[in-house]
S.K.: 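Shown below is the structure under consideration.
Model, not experiment: these values are computed from the prediction.
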Amino acid sequence: CRRRAAGRAGLGLAVLLPFLMSLFSAQIHYSVLEELDKGSFVGNIAKDLGLEPRELAERGARIVSRGRTQLFALNPISGSLVTVDRIDREELCAQSMPCLVSFNILVENNMKIYGVEIEIIDINDNFPRFRDEEVKVKINENAATGTRLALPFARDADVSVNSLQSYQLSPNIHFSLEEKSGDDGQKYPELVLEKPLDREKVAAHNLLLTALDGGDPILSSTMHIRVMVLDANDNAPLFSLPEYRVSVPENIPVGTRLLMLTATDPDEGINGELTYSFHNEDDKISKTFQLDSKLGEILTLQSLDYEESRFYLMEVIAQDGGALLASAKVLITVQDVNDNVPEVILTSRASSVSEDCPPGTIIALFSVHDGDSGENGEILCSIPRNLPFKLEKSVDNYYHLLTTKALDREEISNYNITVMVIDCGNPPLSTESYIYLNVADINDNPPIFPHTPYSTYILENNPRGISVLSVTAQDPDSGNNAKVTYSLAEDTFQGIPLSSYVSINSNTGVLYALDSFDYEQVKDLQLWVMASDNGDPPLSSNISLRLFVLDQNDNVPEILYPSIPTDGSTGVELAPRSAEPGYLVTKVVAVDRDSGQNAWLSYHLLKASEPGLFQVGLHTGEVRTARALLDRDALKQSLVVAVQDHGQPPLSATVTLTVAIADSIPDVLADLGSLEAPRDSQASDLTLYLVVAVAAVSCVFLAFVIVLLALRLRRWHASRLLQAAGGGLLGAPASASQFVGVDGVRAFLQTYSHEVSLTAGSRESHVIFPQPNYVDTLLSQESCGKSEPLLISEEINVNEELGVVQVRFFFSMLACSFFFFICFLNLFSSAKHGTLDLGSGHGPQGVGVESQMGLLAQCRVSLRFPSLFLCPLHLHPHMHSLKRNKYFF
């Protein structure tokens, strides 16, 4: 009850002493009594910080402390510093003076930190206490006057005047009380023998020891002392040293022997047996060390910690069996070992910072701590040098992490900053802490196209809505700042907005054709594609896009000349009869609206009424005569010319040309009028007579050939018999055979062909000397230059020459007879079908009587030029009609 009353009185006497100790310390100091009620006023922290009370909450002021229970709090209404709960100075500081509690106040908005130091003032709230309520002390009955007996001392948790001040002993004639002060300031009571004892009179003495403090009111406690009088023991134990000192590192293992105490007693027997024990030890000593009562060894019971206690002071007594004892001091000093890793305590940090923040922006506030002392507790703090950040020391062990230059999110979007702290111990210990910082994006980059410029191609006649090209722009920003929207710049082409030709998907950048392009109208388009992001304000960029339309073969060649007359008539081209081969009759002119290969034109003659008479230039379209015009050629020639391009697939157009063979227009009209004369019966009879005559001549000629062949075979057979009878005399002229072998025939055929064309009614003749390859003979070019010997004797006589002539005549007659037979079949076929017209001069295939007579003349000439016996069959243009006749073979 007295203690509680003293506590309440102390509350009324609490005096607050706020003051600033020094401008250099940058700390705020207060003093407060212990045991104050919860919420008691400590100091006006808002005023001392230069702030209004409401600004404490607005600026995010808070208390930060390391590793201890929060004893104080900020009152946001009054701006004062108040207690969180009752404060017990003895629990906080034990016997240390002064008792100081330090912490820091952080202002979040500017990351400023202020140090606060509060002194806890002691009140007399603890009684002096003895460890035991009763102790027994032994003394020899022959102990001399002045003998001192050490007594247990009392402990008072208070300090200064409130701590233990004195002892009082109950009145006794044999003993008195003396106090002795130790090096640590503790008062030790001793019982002094004032008068000799007599065990036979009084075997035990009961005393009362009272311990008093200096508080107001004075608090005290008592202990009962029972002094046991023993029989005489002449010698007391004696330690080898009055004080033992040992220094050990804090990391020694548990159970290590620290030192051994040595005491001696010259007595014998039980009076010489010593027992060691701690004297007046506290609980911390008894839990940390063990004393072997027989050997005097001091061992560790648990690990030592330099940061918890730097030394241990204890008293050891050695007592013999006769109750005599001796005491010695033991001082165990703990050496610091670098066994505590530095730690980083992150007080405040910004999770993200804008990339346009200025240099010097505070990113984080943290503190570092090392539980070791001396060099082992000295800490170095660093971050990697290649980062745009630096450390700046604040108060105590606090550091600010600041930016050193502008950040670029597009280069590095986030940082994982490694804070390394290392102490100066040996070996040094270190730890790493990581501060993650995200760089917030701002819209500082426009969209960028990877290609400049774009160009693409599209075939004409494309389907509507087809995808043409996909453009892509990259924006290195993030979020909405990187979302790109595509559009086309407003423009026109040939007076029409470009938006009617193409469109672009605003999200994907895909370009679509809205219409089907026609190369002949639009060959290319010049576009500007814009890419804009969704930032605020938005940024944009543009790119040039050229769209080329590729040509397709979609236009048929257009014939400009000859043009089709509007009245429905057919145009006529003139060719004079005297035209030489290669004469330019007309020219077909055509164009193609396509381009490139699709517009390359070639000209072909598809159909002609007189094959081989005209030819068309492949690339020029010029219609020229392929040979000289003959009288037998029809007056009116019809040509079909095709014009074709080189596209895929190729397209073509045709035109029909009418060519009139005449020297002038009146001749054309006159010739065309004669062609329309009506047929009469006389022409029909003449045709019949001609057919009969040709047939008769052919039969007579064929019979003559057969007879001649039989005679020739007979002579050849006779010559063979003569050769066999002559015994092989092949060189004799009389027996020389006149047979001409196959090589002779081949030599006979190796002559140049000569053609003489004679027509009935023609006044002129002409001779043609064609090239050797123009003649369809049985010879090869290789054999033309050879001169091989005949199969007969080397000497050629007159009979042999006569045989050669006969052979040549034989083959000539055979060829003519074959030709007449073919003509007969052709004429007979025409007459049978009633299509032979002598009046008009044209047969069913355009072969007139005049032409037939010309053929007969050619055969007659061939009798004089035997090498031409096959030429009429090959060269005459009307042989095509004969070959098509079903009676040809």
Side-chain angles (χ1 to χ4, degrees), residues 24-27 64-69 91-104 113 115-117 183-184 244-259 282 284-285 287-289 298-314 330-347 364-385 390-401 417-435:
F24 297 100
S25 65
Q27 284 189 333
V64 291
S65 61
R66 183 184 64 82
R68 63 174 57 186
T69 304
E91 182 180 351
L92 289 177
C93 303
Q95 299 296 313
S96 299
M97 287 185 64
C99 182
L100 300 176
V101 176
S102 299
F103 55 90
N104 297 286
I113 192 165
V116 178
E117 186 177 74
D183 295 336
D184 55 355
Y244 292 86
R245 294 176 179 267
V246 63
S247 180
V248 295
E250 60 177 329
N251 60 348
I252 60 173
V254 175
T256 300
R257 186 180 71 175
L258 302 182
L259 77 162
D282 54 16
K284 189 174 183 180
I285 297 295
K287 292 180 180 179
T288 306
F289 303 99
I298 298 179
L299 309 174
T300 57
L301 293 177
Q302 63 181 14
S303 299
L304 304 181
D305 189 355
Y306 175 85
E307 288 71 36
E308 182 179 347
S309 180
R310 301 186 179 185
F311 63 91
Y312 296 91
L313 181 62
M314 60 196 77
V330 177
L331 178 63
I332 300 175
T333 302
V334 181
Q335 296 175 350
D336 184 33
V337 176
N338 193 22
D339 59 344
N340 289 284
V341 177
E343 55 182 328
V344 178
I345 302 171
L346 188 60
T347 305
L365 174 68
F366 62 90
S367 62
V368 295
H369 174 73
D370 193 322
D372 296 321
S373 61
E375 287 187 354
N376 296 331
E378 294 181 6
I379 301 175
L380 300 177
C381 186
S382 63
I383 61 174
R385 294 184 178 181
K390 69 176 181 178
L391 292 177
E392 188 177 87
K393 197 173 188 322
S394 183
V395 298
D396 293 341
N397 289 326
Y398 281 89
Y399 288 87
H400 280 124
L401 179 64
I417 307 167
T418 302
V419 179
M420 176 177 285
V421 290
I422 184 170
D423 60 23
C424 297
N426 189 17
L429 299 179
S430 64
T431 186
E432 292 181 353
S433 182
Y434 302 95
I435 299 176

S.K.: Return the minimal non-hydrogen interatomic distance between Pro342 and Val421, and the atom names on each side.
M.R.: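 Nearest pair, atom of Pro342 first, then Val421: CB-CG2, 3.7 Å.
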
S.K.: Which value, rounded to the nearest 0.5 Å, describes the distance between Thr288 atom OG1 and Ile298 atom CD1?
M.R.: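 Thr288 OG1 to Ile298 CD1: 12.0 Å, rounded to 0.5 Å.
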
S.K.: To the nearest 0.5 Å, what is the distance between CG (Leu429) and CD1 (Ile422)?
M.R.: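 If I round to the nearest 0.5 Å, the distance is 8.5 Å.
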
S.K.: Report the residues that fulfil side-chain hydrogen bond (donor to acceptor under 3.5 Å, both in side chains) with Glu308, sequence neighbours left out, ordered by chain and then residue number.
M.R.: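 Glu308 satisfies side-chain hydrogen bond (donor to acceptor under 3.5 Å, both in side chains) with no other residue.
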
S.K.: Return yes if some donor-acceptor pair links the side-chain N/O of Asn338 with the main-chain N/O of Pro427 below 3.5 Å, else return no.
M.R.: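 Answer holds: yes.
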
S.K.: Considering residues at least two apart in sequence or located in another chain, which fulfil the ring-ring contact (aromatic ring centres under 6.0 Å, His included) criterion with Tyr312?
M.R.: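 With sequence neighbours excluded, Tyr312 shows a ring-ring contact (aromatic ring centres under 6.0 Å, His included) to Phe289, given in chain and number order.
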
S.K.: Using the side-chain hydrogen bond (donor to acceptor under 3.5 Å, both in side chains) criterion, which residues pair with Ser433? Sequence neighbours excluded.
M.R.: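 In terms of side-chain hydrogen bond (donor to acceptor under 3.5 Å, both in side chains), with neighbours along the sequence ignored, Ser433 is linked to no residue.
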
S.K.: After noting the C-alpha distance and the side-chain angles of Asn104 and Val116, does the key distance pass the side chain to side chain contact (heavy atoms under 4.5 Å, CB included) rule?
M.R.: CA-CA 6 Å; Asn104 297 286; Val116 178; over 6 Å; no

S.K.: Identify the two heavy atoms, one from Asp305 and one from Glu307, that lie closest to each other, and give their separation to 0.1 Å.
M.R.: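 Closest pair (atom of Asp305, atom of Glu307, distance): OD1-OE1, 2.6 Å.
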
S.K.: Using side-chain contact (heavy atoms from CB on, under 4.5 Å) as the criterion, list what pairs up with Ser247, not counting sequence neighbours.
M.R.: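 Thr333, Gln335.
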
S.K.: How would you list all residue pairs meeting salt bridge (Lys or Arg N to Asp or Glu O under 4.0 Å) that involve residues 246-257, not counting sequence neighbours?
M.R.: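 Pairs touching residues 246-257 that pass the test: Arg257-Glu297.
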
S.K.: Let me have the donor-acceptor pairs involving side chains of residues 366-380, under 3.5 Å, with sequence neighbours excluded, atom names and distances please.
M.R.:
from: His369; atom 1: ND1; to: Arg66; atom 2: NH2; distance (Å): 3.2
from: His369; atom 1: NE2; to: Arg66; atom 2: NH1; distance (Å): 3.0
from: His369; atom 1: NE2; to: Arg66; atom 2: NH2; distance (Å): 3.0
from: Asp370; atom 1: OD1; to: Asp372; atom 2: N; distance (Å): 2.9
from: Asp372; atom 1: OD1; to: Asn340; atom 2: ND2; distance (Å): 2.6
from: Asp372; atom 1: OD2; to: Asp339; atom 2: N; distance (Å): 3.4
from: Asp372; atom 1: OD2; to: Asn340; atom 2: N; distance (Å): 3.1
from: Ser373; atom 1: OG; to: Tyr306; atom 2: OH; distance (Å): 3.3
from: Ser373; atom 1: OG; to: Asp336; atom 2: OD2; distance (Å): 3.3
from: Asn376; atom 1: ND2; to: Asp336; atom 2: OD2; distance (Å): 3.2

S.K.: If the condition is ring-ring contact (aromatic ring centres under 6.0 Å, His included), which residues does Tyr244 pass it with, not counting sequence neighbours?
M.R.: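 Checked Tyr244 against ring-ring contact (aromatic ring centres under 6.0 Å, His included); zero matches.
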
S.K.: Other residues, nucleotides and ligands only: do more than 12 of their heavy atoms fall within 6.0 Å of CD on Gln302?
M.R.: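 Check passes, neighbour count above 12.
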
S.K.: Kindly write out the residues that satisfy disulfide (SG to SG under 2.5 Å) with Cys93, not counting sequence neighbours, or none if the list is empty.
M.R.: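 If we apply the disulfide (SG to SG under 2.5 Å) test to Cys93, skipping adjacent residues, the hits are Cys99.
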
S.K.: NZ of Lys287: more than 12 outside heavy atoms within 6.0 angstrom?
M.R.: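 No, because the 6.0 Å sphere around NZ of Lys287 holds 12 heavy atoms or fewer from other groups.
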
S.K.: Would you give the length of the straight line joining atom NE2 of His400 to atom OG1 of Thr347, rounded to the nearest 0.5 angstrom?
M.R.: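 Answer for the NE2-OG1 pair, His400 versus Thr347, is 9.0 Å.
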
S.K.: Which atoms form the tightest heavy-atom contact between Cys381 and Val419, and what is the distance?
M.R.: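 That closest heavy-atom pairing would be SG-CG1, 3.7 Å.
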
S.K.: Partners of Glu432 by side-chain hydrogen bond (donor to acceptor under 3.5 Å, both in side chains), sequence neighbours excluded?
M.R.: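 With sequence neighbours excluded, Glu432 shows a side-chain hydrogen bond (donor to acceptor under 3.5 Å, both in side chains) to Tyr434, given in chain and number order.
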
S.K.: Salt bridge (charged side-chain N to carboxylate O under 4.0 Å, His left out) with Arg310: which residues, sequence neighbours excluded?
M.R.: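 In terms of salt bridge (charged side-chain N to carboxylate O under 4.0 Å, His left out), with neighbours along the sequence ignored, Arg310 is linked to no residue.
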
S.K.: From Ile417 CD1 over to Ile383 CD1, what is the distance, rounded to the nearest 0.5 angstrom?
M.R.: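 The CD1 atom of Ile417 sits 6.5 Å away from the CD1 atom of Ile383.
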
S.K.: Quick one: side-chain contact (heavy atoms from CB on, under 4.5 Å) partners of Val248, sequence neighbours excluded?
M.R.: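 Per chain and number, Val248 pairs via side-chain contact (heavy atoms from CB on, under 4.5 Å) with Val246, Ile252, Leu258, Leu304, Ile332.
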
S.K.: Would you please name every residue forming a side-chain hydrogen bond (donor to acceptor under 3.5 Å, both in side chains) with Tyr399, sequence neighbours left out?
M.R.: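 Here no residue qualifies.
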
S.K.: Return the minimal non-hydrogen interatomic distance between Leu346 and Ala364, and the atom names on each side.
M.R.: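 So the minimum-distance heavy-atom pair works out to CD1-CB, 4.2 Å.
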
